[in-house]
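Here is the structure we will look at, set down as structure tokens.
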Amino acid sequence: MKTRLAVVLGTLLGMASCGLDVEGMKETNPDGGTPLELTVSASDGTIVLNERQSEETALGLSWTTGSNYGTGNAIEYILDIDLADGDWIGCYTENLGRRVYSRDITVEELNTILTDELETVPGSETGFKVRVTASVVDCPDLVQTSEAKCSATTYRPVSMSLFMTTGGAGAWNASENIEMTRSSAGIFTAEAIFDACEFIFNTTDGNAWPAYVRDNTSDNGEGTFNAIYSETAPAGTDYMFSIREKSFYRITVNLFDLTVSIEDILSKTLYLIGDATPGGWSLDNLSEMEMTGKGQFTWTGTLSTAGEGFKFVTTRNFWPGYVKATEDPDDYSLEYFASDPGSTSGEDLKFKVPEVGEYTVNADLINMTVSYSKTGEAEFNTLYIIGDATPGGWDNNKATEMEPAGNGTYSWTGELNAGSFRFIVTPGTFNPGYWKANDNPDDMSIVYSETGLSGADDRSFSISEAGNYTITADTEALVISIRNNGGSPEPQPEAFEAIWLIGDASPASNGWSLDDAETNDAVKMKPSSDNPYLFSWTGSLKNGELKFSCDLQRDWNGIWYMPETNGKTFTETSGETILLIDKSLPENSSIDNKWKVTAGDYTITVNQLTSTMTVIRN
């Protein structure tokens, strides 16, 4: 229980004419009838301000009503705070208005008033005084005042702002700092979709250093890390915080405890709600979507054109939720709100369908996109094959046209490469089109979408061996067939004997030695027994750099697999394009890209025919 200090001071009275007999009133009622008395409540002695208690009350003020001198007019109140020896000129002032008889000043407010407004030195003991003035409305000379004196020891805030700087050692992108939200004194948060990345924290926008970095000597547990303050970049790469895969994260920094927590808060549930859905706006009748993968949801049912349309919620409450990001009818991107943005903000936008019918709705909470299409229905009379298995590749202007065979059926016969394909309706655009309906390799079902599918729903059909094929697509039955006609496929390149992991991130004791790599199975990516062009490796990698040699040429001018950019983060990926570089060619002599690896257990698969890589973190 705090000891309360009550200071009651006398009232000063000033009077002037406002159409009243002020002098007569003064003779009969010198104090106006009701004195103005200010009471200050605080801890005994000097108030010691502590930033950890920033939202608690440091100074409680209350006062009597004062008098309107029988005028019947309202009374307005003003609060002033000045240094103990100040003359009230240039002091801190608040116009409190009418019928206000108390003011609680928090620790943070009082500290800001004394250090910023009155320009005292943070950390010092400061004497100050408080004054309340009561003025009769329309009679500015009928004034009462009451004062009190106090003292407080202030503090220097740890920081009023904090920024995330992403990038990596030697390549911090401080020009695109991410400002975090100050949720309370010393506590900062950020909630957003983050790609796999490395990051640090700093208090000045546009700068990378000084910064708060990871203290790699100890962790507080999974997802929570200790931090230390560093004026310059430490040696090595262990000081960086990291996110391993793209998802929706809440990052919280506590500058008092020097801790950083990283939470994956991507929802595992999603519901449709709105006038267009079967359950309308009822929270008891939400249309629950099926989760088909991380952040991937699908639902099939009847949608109408009624009212505002539909949006998405993550629980059986109206928020948090996902809404349409813009008013552009062709924009199918999502925007997330943890709480209601307000009905008048223009941000609570909904999706609408053009007509009543049964629809399949797909939501991708990682890439923040939505697609929906009327099930089994499409109006067109052309169909094209597209993909790296086709002659035109993924260039939608070079898609291969199929022959109509009646009743919504299309057919094509020709040479296909090993690779993947799907279908589009019109050259020059990827949507609308048909996608593989599921992950079952033996299921030839297709699904139609006007707006395109993404994430786990962006499926294609696979051709494992180049050759002459006949592809038939039935757009009414939503099924295709693939027939291998035999024939003479295009000659394939000579398969590599192996692919070797080269770099200080490899498990070898001397990861940069080509001689050691030749005799070390621990760094050898071996071909599959079923496919000589498919290489895989499983093991532990260290912090450091990595690239792949395909022939171990001792002059370092052989064939290499490298990332598309130097310093790219080595992270979980599926079908990522990698560069096949022949260093013996003069134009390639300066190319030496390497991945930047975070230590861990990985499975790496490389497809020689498609120059793609898949990485799984075990």
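- A distance-only check finds a donor-acceptor pair linking the side chain of K583 to the backbone of I591 [under 3.5 Å].
- Minimum interatomic distance between T598 and R617 (heavy atoms only, all atoms of both residues): O-NH1, 4.0 Å.
- In this structure, N566 has no side-chain hydrogen bond (donor to acceptor under 3.5 Å, both in side chains) partners at least two apart in sequence or on a different chain.
- With salt bridges taken as basic N to acidic carboxylate O contacts below 4.0 Å, none links D443 and K436.
- Side-chain polar atoms of R214 and Y239 form no donor-acceptor pair below 3.5 angstrom.
- Looking at T360 and T300, their side chains do bring a donor and an acceptor atom within 3.5 Å of each other.
- Side chains of S420 and D388: a donor-acceptor N/O pair is present below 3.5 angstrom, by distance only.
- Checked by atom type and distance alone, the side chain of R182 never pairs as donor or acceptor with a backbone atom of S161 at under 3.5 Å.
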Show the numbers, then the answer: is there a side-chain contact (heavy atoms from CB on, under 4.5 Å) between F201 and V260?
CA-CA 10 Å; F201 304 95; V260 175; 3.8 Å; yes

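- Checked by atom type and distance alone, the side chain of D364 pairs as donor or acceptor with a backbone atom of I366 at under 3.5 Å.
- The aromatic rings of Y434 and Y448 sit tilted relative to each other, their planes meeting at an angle between 30° and 60°.
- Using a distance-only test at 3.5 Å, with no hydrogens or angles considered, a donor-acceptor pair links the side chain of S267 to the main chain of T269.
- Side-chain N/O atoms of D582 and S584 include a donor and acceptor closer than 3.5 Å.
- In terms of the side-chain hydrogen bond (donor to acceptor under 3.5 Å, both in side chains) criterion, E51 has no residue partners (sequence neighbours excluded).
- Formation of a donor-acceptor pair under 3.5 Å by the D195 side chain with backbone atoms of K246 is not found in this model.
- Across all their heavy atoms, Q553 and G558 have their closest contact at CG-CA, 3.5 Å.
- Side-chain atoms of D601 never come within 3.5 Å of backbone atoms of N618 as a donor-acceptor pair (strictly under, hydrogens ignored).
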E198 vs K596, test: salt bridge (charged side-chain N to carboxylate O under 4.0 Å, His left out). Steps then yes/no.
CA-CA 10 Å; E198 295 164 332; K596 186 170 291 296; over 6 Å; no

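- Closest heavy-atom contact between L546 and A505: CB-CB, 4.2 Å.
- You'll find the ring centres of F194 and F199 outside the 6.0 Å limit.
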Going through the distances and angles, do N593 and T565 end up as a side chain to side chain donor-acceptor pair (under 3.5 Å)?
CA-CA 6 Å; N593 298 342; T565 57; over 6 Å; no

Determine, step by step, whether L258 and Y229 satisfy the side-chain contact (heavy atoms from CB on, under 4.5 Å) criterion, reporting the C-alpha distance in whole Å, the side-chain angles of both residues, the deciding distance to 0.1 Å, and the verdict.
CA-CA 9 Å; L258 289 178; Y229 185 75; 5.8 Å; no

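- Between the side chain of K542 and the backbone N or O of A508 there is at least one donor-acceptor pair closer than 3.5 Å.
- Within the 4.5 Å cutoff, no side-chain heavy atoms of F241 are placed close to those of I251.
- The closest donor-acceptor contact from the side chain of N417 to the backbone of A466 lies at 3.5 Å or more, if one exists at all.
- For S513 (side chain) and D516 (main-chain N/O), a donor-acceptor pair under 3.5 Å exists by modelled atom type.
- The heavy-atom pair separating F256 from A185 by the smallest distance is CE1-O, 3.1 Å.
- M164 has its side chain out of reach of F188: every pair of non-hydrogen atoms, C-beta onward, lies at least 4.5 Å apart.
- Checked options I616, T538, V615; the residue passing with Y602 is V615 (criterion: side-chain contact (heavy atoms from CB on, under 4.5 Å)).
- Annotation: side chain of K324 is not in contact with side chain of K350 (no heavy-atom distance under 4.5 Å).
- If you check the side chains of D331 and S333, you find a donor sitting under 3.5 Å from an acceptor.
- Side chains of I385 and F423 form a contact here, defined as non-hydrogen atoms less than 4.5 Å apart.
- Residues F312 and F297 place their aromatic rings such that the two centres sit no closer than 6.0 Å.
- W595 and F548 have tilted rings, their planes meeting at an angle from 30° to 60° on a 0 to 90° scale.
- With 3.5 Å as the limit, one finds a donor-acceptor pair spanning the side chains of N254 and D257.
- With S462 contributing its side chain and S464 its backbone, the two residues share no donor-acceptor pair below 3.5 Å.
- Using a 4.5 Å heavy-atom threshold, the side chains of L541 and F570 count as touching.
- Of all non-hydrogen atoms in K547 and Y561, the two that sit nearest each other are CB-O, 3.8 Å.
- Figure legend: cation-pi geometry between R459 and W435 absent, as NZ or CZ is not positioned both under 6.0 Å from the six-membered ring centre and within 45° of its axis.
- Note on ring orientation: taking the six-membered ring where Trp is involved, the planes of Y336 and F248 are perpendicular (angle over 60°, cut-offs 30° and 60°).
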